[in-house]
**Q** 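Please read through the structure below; I'll follow up with questions.
Both counts, for ligands and for their atoms, begin at 1 and track the order of listing. Computed from a predicted model, the values in this text were never measured in an experiment.
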Amino acid sequence: ASDFIPDFLARLQSENEKTQLQLLQDIAAQGDSGLTVLMRVLQDRQGSKPGPLEGKAVQILAAAESPKAQEFLQTQFPQGLVPGRSQRGIDYSPLQTLLVQQDFQAADRLTLEKLCELAGPAAVQRRWIYFTEVDDFPIEDLQTINTLWLVYSEGKFGFSVQRDLWLSVGKNWDRLWPLIGWKSGNNWTRYPGGFTWSLTAPRGHLPLSNQLRGVRTMASLMAHPAWTAQEK
Ligand code: UYC
C-alpha cells in the first residue's frame, strides 16, 4: 500500500513548486498512508525556512479528520509552522490559525486589526492606519504577517507579492488595480462581496488595503524596508 512513498518523495525533490503543490494534493487523496507521507515531508524539512509547500502540508493535515495528524501538528508545531516573531509583543497565532483553515476573509480582517495594533492605541480606536504610522512598523512584524500569507496561499497572497506586481507595472496604481482584481474598468471592487476569498483569486488579491482615503497607506506599505531587508 505504501509502495508509492519513495517514488513520491523522489519526485517532490525534483519538481517545480507548482507541481510539488499538486503532488501534495494527490498524496493527500491516498488516505491515511498519504497523511503519513505528509508528516514525513514536514519532519524532513524541519529547521529550514517554511514555504508554501510546508504550508500546504500543514493545511491538509489540519483539515484531515485524523487524530494522528492532529497530534503530530500539536507536538511538532505547538506555536504553528511559521514563527510569530514580533518586535511589539503582538500575538499572530490567531492569524496563523485562520490562514491554516484558509479562512481568507477572516484572516484579511484580522490582518487589518493587527496593523492597527502595530500602529498603536489611537489606530486601534480609529480602525484604520495613517501612512505615517506605516513607516514606523517594525520590519520583523511585517515580515511575519507577510510570511504567514505567503506560506498559506501557495505563494499567491501577501504584501511582497503586491509589491512585485506594483514594481512590474512601474509603480502605476491604475495598472495595478485591475491586475490584482481591485478594479474592473471604472468600477472599484465592492467590499466585501466583490472580492474573491479563495485561491482562485488573482495573484496579489489579498490582503486588502481600503483605498477610500487614497493610496498613501498602500504606498508606504509597498515602500517599507521590510521587503528589501534580510530576513532573520
Ligand atoms: N474596498 O473598494 N470601503 C472597506 C477595499 C475604496 C469603502 C474595508 C478595496 C473605493 C467604504 C476594506 C477596494 C471605495 C467602506 C475595503 C475597495 C471604497 C469600505 C473594510 C478596491 C469607494 C466602509 C475595512 C480598491 C469608491 C468603511 C475598512 C468606511 C470598507 C477594501 C469605499 C478592507 C481593496 C475607493 C465606504 N473597503 N473603498 O477599511 O470607512 O473599513 O466607511 O477603495
**Q** Taking non-hydrogen atoms within less than 4.0 Å of ligand 1, which protein residues qualify?
**A**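 Within 4.0 Å of ligand 1, protein side: Arg109, Leu112, Trp182, Trp188, Thr189, Tyr191, Phe195, Leu208, Ser209, Asn210, Gln211, Leu212, Arg213.
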**Q** Can a donor-acceptor pair be found between the side chains of Trp149 and Ser160 at a distance below 3.5 Å?
**A** no
**Q** Can you tell whether the side chains of Glu71 and Lys68 come within less than 4.0 Å, N to carboxylate O?
**A**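 No, no charged N to carboxylate O under 4.0 Å.
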**Q** With a 4.0 Å cut-off on N to O distance, would you call Glu133 and Arg126 a salt bridge?
**A**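 Yes, Glu133 and Arg126 are salt-bridged.
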**Q** Are Leu81 and Ile60 co-members of a hydrophobic cluster defined by side-chain heavy atoms under 4.5 Å apart?
**A**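 Same hydrophobic cluster.
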**Q** Check whether any side-chain heavy atom of Thr217 lies under 4.5 Å from a side-chain heavy atom of Tyr130, and answer yes or no.
**A** no
**Q** Using the six-membered ring of Trp166, assess whether NZ or CZ of Arg163 lies under 6.0 Å from its centre and within 45 degrees of the ring axis.
**A** no
